[in-house]
Structures are given as structure tokens and as C-alpha cells.
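As C-alpha cells, the structure follows; a few thoughts come after it.
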Amino acid sequence: MLMRDPSEQPVVTNEGLNTPGPPTSRSPIHTLDFRYHSYDEMEMSLQLLSAVHPSITYLYSAGRSVQGRNLYVMEISTNPGVDQRGKPEIMFLGNLHGNEFIGREMLLNLVEYLCRNYDKDLLVTRLVNSTRIHIMPSMNPDGNELALKAHNERVSGDLSIIGHRNSHRVDLNANFPKQSGSGNTVEAETLAVINWIKDHFFVLSASIRGGFRGVVYPSSLDSVDEDLFKSVAKAYYVQSQAFQEPQACDVPRTREKKGNKHHRPVITGIDMLTWAYHSTDTLAVKIGLSCELLPPEELLSEYWEKNHGALLHFIQQVHLFVRGMVTDGHSGKGIANATVVVEGSSHHVHTSSTGQYWRPLAPGSYHITASAPGYIPISESVRVLETRVEQVDFKLTRDALQPSVEEGEQKDFEKLVERLLAPGELDQLVRSLLPAQTLRYRTYRERSEFLRGLTLNFPRITRLYSLGQSTEIRTVWALEIAGNLEVPQAAEPKIRFVAGVHGDAAVGPELLLEFASVLCLNYGRNSAITKLIDRSRILILPCVNPDGREQAQEGFCSSSKGYTNAHGTDLDTDFFYGNASAQPETRAVMDLIYGGGFSLSVALEGGSLLATYSYDRPNQHAQNEETLRYLASLYASSHPLMHLGNLGCTEKSGQIPGGILRGADFSAHTGSMKDFSLDVGICPEITVYTGCCMFPSERQLFSLWMENRLPLFRMLLEVHRRLSGVVRDSKGRPMSDAVVVVNGFMNVHADSQGHFTTLVAPGTHQLLVQAHGYQQELQQVNISSDKVTSPIVIDFTADRAPLSQAVFVIATASLMSILICALLIWHLRSAKFSRIRDGVRWLRRKRDVLQMEAMASEKSPLRQEFLDESESEDDPFLVESR
């Protein structure tokens, strides 16, 4: 029956539940580790499991405790870390109170059990394949360390109090913010869990607890959700063997029994269940497994045996509710963050980034409504059965009278960029950012560990992956920073920062690591940085030549040691299209550039103080040199010294206007990375020489960072002051084969969704838009240096030419060509040669007319003329063999 404790939280007990639990197969407990783990042991265990089972695990930190311990989370799923269609998310949390050992140990056992039995146990395999399971064994590691120490050292006193709270003596379960926004202080652990839950779309959540036995859910509920919670709780009792044997603590204890009046926890907010129900999508319960906070270690295996089946069934329940997609009725794309409401419930759920939702409901009939800003809401009726999933999809139609959220957010972002483009504004922002203070020279191993640490601490916005390996089998790392890693947004600008092409240019790698750290640290803390990361895709290659970097030596400003790779090749002379013998480091970067999609690339070098632009190869000027020169000048003018143009690095150094040069005028050579980026990747790249010394002393890193931090942020800002738009046909469908010719020479290709983007210098630009089978469209745009140009929409006004007409014209032209050849051969020696030649000329003119008509029907800008230069009217009978 249902019982309520004095705090008005309903608890399901097993009294009156006569249905015996189904037989559960015995778990392989001999492979599990049943003992109490310290924080270090827990950390080592999780890292080991993640290393042994990399295909189904993703270990990350949701944040840190007051004392700096990681709040580790293990995600278990196929392709972990990625929002996948059809995969609901579920969350388990332990150690909400540090002295409740049972939850922490049961969840560590659950992690190990799922990993070890994947591909061996049918149920486990199905759950891992179809669910994203997130497990945080310890929310309060500081309190747990204190309680474990007191237990091990047999400290006298009330062990129900020691370690119960966090290091600030705050009960974390009473620290979640109230809806009224009373301004209560939120602890570091609480804030981390809040952000973690809000970053995901957990369908169900369970906090595994000790000190009581029962399934507890929020007290203030709508009847629709209370029925659901009762259903979930009763299912746990049926599946658990432990609750078939009643114990005294099954009845909820009063608040006074949890702590005497002299040691009551500091109450600074509301409990986690109430906060989660009213503030998030998840429906959360807490499950008490033992009367004791710290049961004997020898009983842990028994607790696991009696509860592991119920825990697996709890995961399985996320698949037994209503689910579906909310999509745009026109494009068919999923609508992110749409709201799904059940009539009679104030608890709303929202769609994920792919437009999917899950709504737990007890068996019965319901009326469900889906809505999204800028769309007309739609309602559906559904009958939920206990034994199957109900799929309810919604196709929303745009409301022409309301601007969409995306349009409003885009306008706000454009205003932010324009504000930061104003004199002094970006500098003020950069000065206000939280510093990372990580500057120091790192070995390859230290750099790799640092990058892994960034992804561990900032999993939502970072992704680390390998581009390939160097000659000496060192990884060429790439760190991606973006607000939406899993689903790239339409026309989202991509910018690439590269360093370490020459191993002895040691400053660049450290500047880029500091840059990445500052971005990550200020995400969520500074609104401008948060919005920039949310609307950008930043790729950082800290060291292209790790082998050379290992050989270089600090303090040598002009030594060539480490300049080349391990094969003695200068990598900046190795970037040739189709280079089959390219060095492995070169090949790794070339493959990245081949992928395309970048708007801008910035490469950091050393040995001078200037910025250069393409081309590096001599005797050739880029068609968009005006834009390239402008981009280089942006970096130089943002640098306190570079724009002065005083190199002063060698005796031959002279004055360089504005601190910028064409690459060939500075150091002419072929096979450079920036020339390859421009020619093959269609991405402008500038090379920045950060200082006269290639490998200065470590104490100079801070001043070099202070000189270059503003220019780095200025280049990130520049990719948002770009020319962009979308090309559509007459019916509003995106055209993936469209080509936008800028100023008559630069071809920009639209992507699969019809979007195009390119960087251009401020001024007036002519756009000629071409697509196979359509009339060309001509537009003129004005680009300002301090304004954002809103994306333009180019709609072709005429439909494609009918296929049958085009075929007829081409066939006619071909037939006439055959006829001409036949007549020429037949009458080659005829006395009427002159009249035939005149006739042939007439026929050729007719053929040309027909051919031009065929060309006009296709409107292809790349079509060649039919008349070959080798033909002439004086030789009308020339027949080329082909």
C-alpha cells in the first residue's frame, strides 16, 4: 500500500503486494568487486572499465566537488556520447549523502555488470544497444571520503552524521534551487548535477540510497504523474527479491530520526526529486536499499543479488512508454526543444536535438499536445497499454504570423557580434574572461594528457580525436569545440587553428592550448563566449609535427633542430595535390582539408613578427587576394606590435607596412599548407609569426599570450561577419548543386541543404548563382567591416526545362551532325562541290543554332563551345577521329 512520511513524500511499500517476484537468473558475482571503494579506487576502477570497453563506455566528469574531486559519470551505450535517434536516456545517481555507501557500491557494480555482460547476456546487450545509460556513482565524494575514513579508523561518534553533508556542511538533498528564485546558495556539487541533468534528456532517474527501504517520489504531483510513479515503484518491488522480505525500516522514518536537533543539515533549498519534477524533463525517484547506511561489506554481494534484476528492469521501463518525433511539416526535420504536454499534467517534456521525445505514462487514455515557437500546436489522443510502446509523431506547421525562435536568436546573435566589432568592445570582453593560467611547455605525453583532461572536464562542448600518426607513431590530435557536437547546425561556420607545423616553433602549440582552455572555462560563465561557441565549430590542431617538437630545445631562437619531421622533411613544402609520397603528418592534415567546410584557417609559426597570406609559391597572385590581405591585416591590427611593421629579427629586417606580406614576398616556396588550403579546401589561411624567437624561454609565454589572445578571438569573430545564404528552387527546396560565383572568379559550392558561406573583404560584391537546368540569378551585396550581413535567400524563379524538350534538341543536333558527315563523304568528288560546300555551311549554321538552343536549355556555365579551334570554314570536311 502507499504510505506518506511526515515530509509528505509518498512511499510504496511491499505490504499488500502478494505477487511474488519472477525468478531471476543468478548474476556472475564472482567477477564483481564487492567492497567499499575510496575515491581513488573508484576513479581507477572506472578508468579501467572505460579502457577495457571503449566501444560501449564514455567516462566523463559532470563537474567537481568543493574539494576538487571529479563527479564521474559513466555512459554505457553503443556509440556513447552521441544523441542517437530512438535511444532514450536514463540516469542513476549515488552518494547524494556521503555516508550512504550502499548506493555508491551498487552503482559501481552495475557499471561493471553491464560492461562485462555485454554481448554475453541477451537482456544486457539489448539494453546497452537501445539505451543511453548514465551512472554517477558518487555525487558527494568529499563526504564519502570523510565517512569512509571514520569507518576505517573506527572513529567514535554518530556515523549517521559524519560525511552526510558536503565539505561546506550542506545537505545536498536540500540544496536544489526553489522555483521562486529565492537566491539560495547552490553548492558546487549541486550546480554540477543541475547542469548535467539539464544538458541531457533523461526519461527516468533514480537516486540509489541507504538508511531506508522504499521507492520515494515527489509529494506534489498531478494525478496523471502519480499514477505513473506508482506503476514504476510497484514494478521495482515485483522485480526485487529483497522487498519480498519486509523489514522494520520499510515504513518511512520521521525527519527527527535522520539527525538530532543539534546536528541538523543546513537547509538551503528543496530536495532533488521536487526540483527535477518541476524544473526538468526527467521523472525522478529515490530507491532505498538498506536499513543501514553502511552495511557490512560481506553483505554487499547479497544486496546486489537481490536488486540487480530490479535495476535492469528499471532501465527497461524507459522503452515501455509513449515516444515519438516532432518534425517540421515542410522540411521533415526534427524540431529541437519542442514542448510535449499531457492534458492534466503540469510536467512538460521537450524534444532532443534530433526532435525525439519520450513521455512516461501509466496505462490509460491521454490527450497530448506538441508545440514549438513559430509553429501551430497539434494535439493527438493516445491509449497507453502496459505491454507495448506507443509511437505518437507530430508534424508541425509554421505559424506565418509568428517569428520562429531561431530567427529571434539569430537576430540577437548578430547584434552581439556587431557590438563586439565596435572599437574596444572585444578587448574589454577578452580582459574580463576567466584566465586559464596553463601556460608552460609540454612534452607530447603531457600535451596529450592535457587535451584528454579538457574533454573529461568539458564533455558537452569538446571532442578529441586523432587525425593520424606521425612518422614515430605519435598522434596528431584535433580538439573540436562546439555547442552542438553531435548535430552540426545549418551554415555553422568552421574555423581551424593550427600550430607546430615546424616542431621548433614551440610557442604556437602552447598558445592554442591556452586559447582552448579559456574558451572552455568561460563557456556557461560568460554569455558572449557561450553564444560564440554555440554558433561556431572550432577545430584546434595544437601540434602537426609532434616528432620535431620532441627534438626541439628551449632557448634556441634560430636552431633548425626539430624544424623538420623525423624523415627530415619540411612539412610546409609537402602539401601537393595528389602527392602519393606525402609524409604521414602531411597526409593527416590534407585529409582534413579535403573534407572541406572550413571558412578560415589560422596557422601559428615563429621566427618573425608578421602575418602572411597566399600564395607562398612565387609569381602567382590569388584571385581573392584582396580578401586574404584583409584577413591578415585583421590579425596584425589586433596585435599590439605586429601592425607597426618593425620586424627587427635580423640585420636584413626592414619596415613592412601594416605587418603583413604575401607569402612569396616573405619566403617563397611551393607545397605550403596555406596554398593547399586555398586551392583544394577553398579555405583562406593566414600564417602568423608570433615572435622573432622560435623557441623562447618559458617565462616569455605569458607576454606572448597577452599579445596574441585578442587577435585569436578577433579571427573567431570574423567567421561570423561572413557572406552566407541559401539557394532554393522555385518550390522552396534547397539546391545542393548550386554554385555561387563571387565577383566573377571565386566559386562557392552550396552544401546538401543549399547553404553557402565564404569570407570576403568589406565592399560591394557581385554574386552570379548557377544551377543545372535553371536561369542564372544575379545579386549584389554590400559587406561592412563592422556589421553582420544577414544570410541571403536566393530563389530561382523558373523551373527546370522539361527533360523531353532537352532530349529532343540534343537528338536533333546529333542527327544533323551525322547527316553532315554523310553528305560530305558522298559528294567529296562531286562537280557540284561549291554548291555543296555552301550547303554544308548553311547546315553547320543550323547545327550551331540547334546546339546553342541545347546549351540554353541546360544553362551550364561550364559548357564548352561545340566548334573546336582546329576546325575552320576553309576546311569544312575535316572529320576528327575521337
Side-chain angles (χ1 to χ4, degrees), residues 413-439 454 458 461-462 479-483 492-499 507-542 598-604 609 611 630-643 659-660 684-691 701-722 759 785-788:
F413 181 72
E414 290 175 3
K415 291 178 181 177
L416 169 66
V417 173
E418 290 178 357
R419 178 175 66 80
L420 294 177
L421 288 171
E425 289 294 327
L426 182 60
D427 184 44
Q428 183 177 345
L429 169 66
V430 172
R431 290 175 183 271
S432 70
L433 297 179
L434 186 68
Q437 298 178 334
T438 64
L439 287 163
L454 276 180
F458 304 97
I461 61 169
T462 60
L479 177 69
E480 189 173 7
I481 302 175
E492 183 179 51
K494 291 175 65 177
I495 183 170
R496 187 173 68 238
F497 293 94
V498 187
V507 173
E510 307 310 329
L511 294 186
L512 291 188
L513 291 182
E514 182 76 3
F515 183 49
S517 301
V518 170
L519 288 171
C520 292
L521 281 172
N522 288 276
Y523 183 82
R525 290 183 171 92
N526 183 286
S527 60
I529 295 300
T530 303
K531 290 177 181 178
L532 278 172
I533 292 177
D534 281 342
R535 291 181 173 268
S536 310
R537 194 156 290 262
I538 306 162
L539 196 68
I540 294 177
L541 279 63
F598 289 97
S599 299
L600 176 62
S601 179
V602 179
L604 301 188
L609 187 63
Y630 170 74
L631 293 172
S633 69
L634 279 181
Y635 197 102
S637 62
S638 301
H639 193 283
L641 302 175
M642 191 178 295
H643 70 280
I660 64 172
E685 179 173 294
I686 63 169
T687 303
V688 176
Y689 296 83
T690 59
L701 285 177
F702 179 74
S703 61
L704 289 167
W705 163 248
M706 297 299 287
E707 292 171 2
N708 287 277
R709 62 177 185 173
L710 178 61
L712 289 172
F713 277 100
R714 182 61 184 88
M715 303 315 289
L716 173 58
L717 196 63
E718 182 63 16
V719 295
H720 294 281
R721 196 208 54 79
R722 68 199 194 283
L759 292 177
S785 61
D786 58 355
K787 299 289 183 183
V788 175

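- Contact check for L539 versus I495: no side-chain heavy atoms found under the 4.5 Å cut-off.
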Note to self: Between L609 and H639, is the side-chain contact (heavy atoms from CB on, under 4.5 Å) condition met? List the steps.
What the structure shows: CA-CA 10 Å; L609 187 63; H639 193 283; 4.0 Å; yes
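- Ion pair R535/E492 not flagged as a salt bridge, since none of the NZ, NE, NH1 or NH2 atoms sits closer than 4.0 Å to an Asp/Glu carboxylate oxygen.
- Heavy atoms only, all atoms of each residue included: I461 and G483 are closest at CG2-CA, 4.5 Å.
- For the atom pair N526 CG and S432 OG, the distance stands at 5.5 Å (nearest 0.5 Å).
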* F713/V518 under side-chain contact (heavy atoms from CB on, under 4.5 Å): CA gap, chis, key distance, verdict -> CA-CA 11 Å; F713 277 100; V518 170; 4.0 Å; yes
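- When side chains are defined from C-beta on, L519 does not count as touching F458, because their heavy atoms never get closer than 4.5 Å.
- Of all heavy-atom pairs between Y523 and I529, the closest is N-CG2, 4.4 Å.
- The main-chain N or O of G524 is found under 3.5 Å from a side-chain atom of T530 such that the two form a donor-acceptor pair.
- Two residues are said to be in side-chain contact when any heavy atoms from C-beta on lie closer than 4.5 Å; Y689 and M642 fail this criterion.
- Proximity of L541 to F497: side-chain heavy atoms (C-beta onward) are nowhere separated by under 4.5 Å.
- Residues T690 and L511 meet the side-chain proximity criterion, which asks for heavy atoms closer than 4.5 Å.
- A salt bridge links E718 to R721: at least one charged side-chain nitrogen sits closer than 4.0 Å to a carboxylate oxygen.
- Note that K494 lies in the cation-pi zone of F598, set by a 6.0 Å cut-off to the ring centre and a 45° limit from the axis.
- Scanning all heavy atoms of the two residues, the minimum distance from P435 to L521 falls at O-CD1, 3.9 Å.
- In this structure, R496 pairs ionically with E685, as a charged nitrogen and a carboxylate oxygen lie closer than 4.0 Å.
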Practice prompt. For L710 and L426, run side-chain contact (heavy atoms from CB on, under 4.5 Å): C-alpha distance rounded to whole Å, both residues' side-chain angles, the deciding distance at 0.1 Å, then the answer.
Written response: CA-CA 8 Å; L710 178 61; L426 182 60; 3.7 Å; yes
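- M715 CE to I538 CD1: the interatomic distance, rounded to the nearest 0.5 Å, is 13.5 Å.
- By the 30° and 60° cut-offs, the orientation of the rings of F515 relative to W705 is tilted.
- You'll find the side chain of R714 stays beyond 4.5 Å of the side chain of R709, heavy atoms only.
- Nearest heavy atoms, S599 versus L759: O-CD1, 3.4 Å.
- We find the OG1-CD distance between T438 and E510 to be 8.0 Å, quoted to the nearest 0.5 Å.
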- side-chain contact (heavy atoms from CB on, under 4.5 Å) between L717 and L532: does it pass, once the steps are laid out? CA-CA 8 Å; L717 196 63; L532 278 172; 4.0 Å; yes
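- Residues Y635 and I660 have side chains not in contact (no heavy-atom distance under 4.5 Å, counting atoms from C-beta outward).
- Taking each heavy atom of P509 and A499 in turn, the nearest pair found is N-CB, 3.5 Å.
- The backbone N or O of L634 sits less than 3.5 Å from a side-chain atom of S637, completing a donor-acceptor pair.
- Of the inter-residue distances, the one linking S638 atom OG with D427 atom CG reads 9.5 Å to the nearest 0.5 angstrom.
- Considering CD of E514 and CZ of F702, their distance stands at 9.0 Å, rounded to 0.5 Å.
- Contact between L513 and P542 at its shortest, heavy atoms only, is CD2-CB, 4.1 Å.
- Within the 3.5 Å criterion, the main-chain N or O of L434 finds a donor-acceptor partner in the side chain of N522.
- Between T462 and C520, some side-chain heavy-atom pair lies under the 4.5 Å cut-off.
- Summarising the geometry, atom CG belonging to D786 is positioned 7.5 Å from atom CD belonging to E418; distances are rounded to the nearest 0.5 Å.
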